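Since the structure is predicted, the reported quantities are computational estimates derived from the model, not experimental observations.
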Amino acid sequence: MIALLRQMVCLGDNESARWASMRIHRISSNVLLELGYSSKLNGEWAFLTMLRDQGRKAAEGFLEAHRQDLGRRSTLDLDVLLEGV
């Protein structure tokens, strides 16, 4: 949604300018991308701790790669997400 809002920004509007200048980051994990829809219903402790551990691992990897970018620039190119749309 933010990518669409950035494309439709009215430069004279303060609210639009805030959306356009927002820095965007994405922390992802290949392990979590492989989970099926049924995982949303899994409340088992072992599964929840695996999610926590994978989230921490993904966050550590992100910080190793992009710590210097935080507060300075986006690390996710939103325009790429909308190519061909």
Report summary line: Output for pair (His66 NE2, Leu76 CG), nearest 0.5 Å, gives 9.5 Å
Sequence neighbours left out, cut at 3.5 Å: what donor-acceptor pairs do the side chains of residues 31-42 make with other protein atoms?
{"from": "Ser39", "atom 1": "OG", "to": "Gly36", "atom 2": "O", "distance (Å)": "2.7"}
{"from": "Asn42", "atom 1": "OD1", "to": "Glu44", "atom 2": "N", "distance (Å)": "2.9"}

Query raised in the report: Side chains of Leu70 and His25: does their closest heavy-atom pair fall under 4.5 Å?
Result: yes
Report summary line: By salt bridge (charged side-chain N to carboxylate O under 4.0 Å, His left out), Asp69 pairs with (sequence neighbours left out) Arg73
Query raised in the report: Among all residues two or more places apart in sequence or in another chain, which pass the side chain to side chain donor-acceptor pair (under 3.5 Å) test with Ser28?
Result: none
Query - Which atom of Ser74 lies closest to which atom of Met22, heavy atoms considered - result: OG-O, 3.7 Å
Identify each donor-acceptor pair in which a side-chain atom of residues 52-63 lies under 3.5 Å from a protein atom, sequence neighbours left out, and give them as a table.
none

